[in-house]
Amino acid sequence: MSRFSMIRERVFSPVGLHAVGFCVLAIATILLGVRVGLDWRATSSSSLEEMAGRQAEMRTLELQTAPLRGLDKKVDKSRAQIEEFYAKRIPPSYSAFLVQLGELKQKAPVQLTRVSYTQAPGSGDLAEIRMDAGVSGDYVGVMRFINGLERSQTFFIIRAMGLTGQQTGSVNLRLQVSTWLRPADAAASGLPVEGAPVPDAANKQTGEGL
């Protein structure tokens, strides 16, 4: 018997066929394992990338919403601070504003002349009241009056002023000052609104008596 015939006989024998089948099955198992491993690796990589992307989105969302956390408490706190400022620094009425000016005038002492009061146009939480006046007196008294306005508990803003005269004698000061009232108080004052038509010039309030 030739060597080829012997190999053929062994291969096609029951034992040989079982051996060949086992080898084929082993190779198929190995290939299947490799394929599953590659698929798992690709799936894992995709899952990790997706997870990283979700975490980045969540982090971005947290950073964007951070300023809004506790916003309701911040709004309440700001509202309370505004109300406290109004109570302490905004005159409760137009007459209270005039009384404060009269007290500062007496302490200086100075004289106020050609005084006029108007409301600034516009709307909002507060209405601006403007005073345009001449202030006369000695230099020390005028400076004391200006200092009193700046330090007053009432909220005054000096918008413009022009001084004429000598420091050793009587001086004259052209002064423009603003304060604010709540809209209802400003409306009750009857002061004309700047730029609005005034039916009767006599309706324009002045403070000659201050």
Side-chain angles (χ1 to χ4, degrees), residues 67 71 73-210:
L71 184 60
K73 296 180 180 178
K74 294 178 181 178
V75 170
D76 291 341
K77 182 179 180 180
S78 297
R79 185 179 293 111
Q81 290 175 339
I82 291 173
E83 289 300 325
E84 182 181 2
F85 175 82
Y86 285 1
K88 290 183 177 180
R89 306 296 305 277
I90 300 302
S93 64
Y94 174 61
S95 60
F97 161 57
L98 295 180
V99 168
Q100 180 65 21
L101 282 178
E103 291 176 352
L104 294 175
K105 167 182 167 288
Q106 293 298 328
K107 290 178 180 179
V110 294
Q111 294 296 322
L112 298 182
T113 59
R114 303 183 306 279
V115 187
S116 64
Y117 304 94
T118 56
Q119 295 185 59
S123 61
D125 293 337
L126 294 174
E128 182 182 357
I129 305 300
R130 294 176 176 175
M131 180 188 78
D132 190 338
V135 183
S136 60
D138 61 39
Y139 181 83
V140 174
V142 170
M143 291 301 102
R144 186 178 292 124
F145 180 72
I146 297 299
N147 187 60
L149 288 173
E150 293 176 337
R151 294 177 176 271
S152 174
Q153 182 71 18
T154 300
F155 188 60
F156 290 117
I157 294 295
I158 298 176
R159 296 189 293 114
M161 59 181 179
L163 184 68
T164 58
Q166 301 295 325
Q167 294 185 8
T168 56
S170 179
V171 296
N172 295 302
L173 178 71
R174 177 69 181 276
L175 182 66
Q176 294 178 352
V177 176
S178 289
T179 190
W180 281 261
L181 295 175
R182 291 176 173 82
D185 297 327
S189 71
L191 294 176
V193 178
E194 291 183 359
V198 181
D200 185 356
N203 289 336
K204 185 175 182 181
Q205 298 192 27
T206 62
E208 301 291 344
L210 287 181

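Residue A186 comes nearest to Q119 through the heavy atom pair O-NE2, 3.3 Å, listed as atom of the first residue, atom of the second, then distance. In plain terms, the two heavy atoms of L126 and P183 that are nearest each other are CA-CD, 4.2 Å. Taking all atoms of both residues into account, the shortest heavy-atom contact from G141 to A108 is O-CB, 3.3 Å. In terms of heavy-atom proximity, S152 sits nearest to R89 at O-NH2, 3.6 Å.
A donor-acceptor contact shorter than 3.5 Å is absent between the side chain of Q176 and the backbone of A160.
Side-chain atoms of P91 and L181, non-hydrogen and from C-beta on, do get closer than 4.5 Å to each other. Between L101 and V115 there is no side-chain heavy-atom pair separated by less than 4.5 Å. In this structure, the side chains of W180 and D125 stay at 4.5 Å or more apart for every pair of heavy atoms. Contact check for F156 versus L104: side-chain heavy atoms found under the 4.5 Å cut-off. Looking only at side-chain heavy atoms (C-beta outward), Y86 and F155 stay at 4.5 Å or farther from each other. Residues T113 and N172 fail the side-chain proximity criterion, which asks for heavy atoms closer than 4.5 Å. Side-chain contact check for V171 versus V135: every heavy-atom pair is 4.5 Å or farther apart.
To the nearest 0.5 angstrom, T154 atom OG1 is 8.5 Å from E103 atom CD. With values rounded to the nearest 0.5 angstrom, I157 atom CD1 is found 12.0 Å from R130 atom CZ. Between the OH atom in Y139 and the CG atom in L163 there is a gap of 6.5 Å [rounded to 0.5 Å]. Taking OG of S178 as the start and CD1 of I129 as the end, the distance is 9.0 Å to the nearest 0.5 Å. I90 CD1 to T179 OG1: the interatomic distance, rounded to the nearest 0.5 Å, is 5.5 Å. We find the OG-OH distance between S189 and Y117 to be 11.5 Å, quoted to the nearest 0.5 Å.
The pair R114-D132 fails the salt-bridge criterion, with no side-chain N (NZ, NE, NH1 or NH2) lying under 4.0 Å from an Asp/Glu carboxylate O.
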* To do: Step by step, work out the side-chain contact (heavy atoms from CB on, under 4.5 Å) result for L173 and F145.
  => CA-CA 11 Å; L173 178 71; F145 180 72; 5.7 Å; no
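Residue N147 forms a side chain to side chain contact (heavy atoms under 4.5 Å, CB included) with just one option from R151, R144, M143, and that option is R151.
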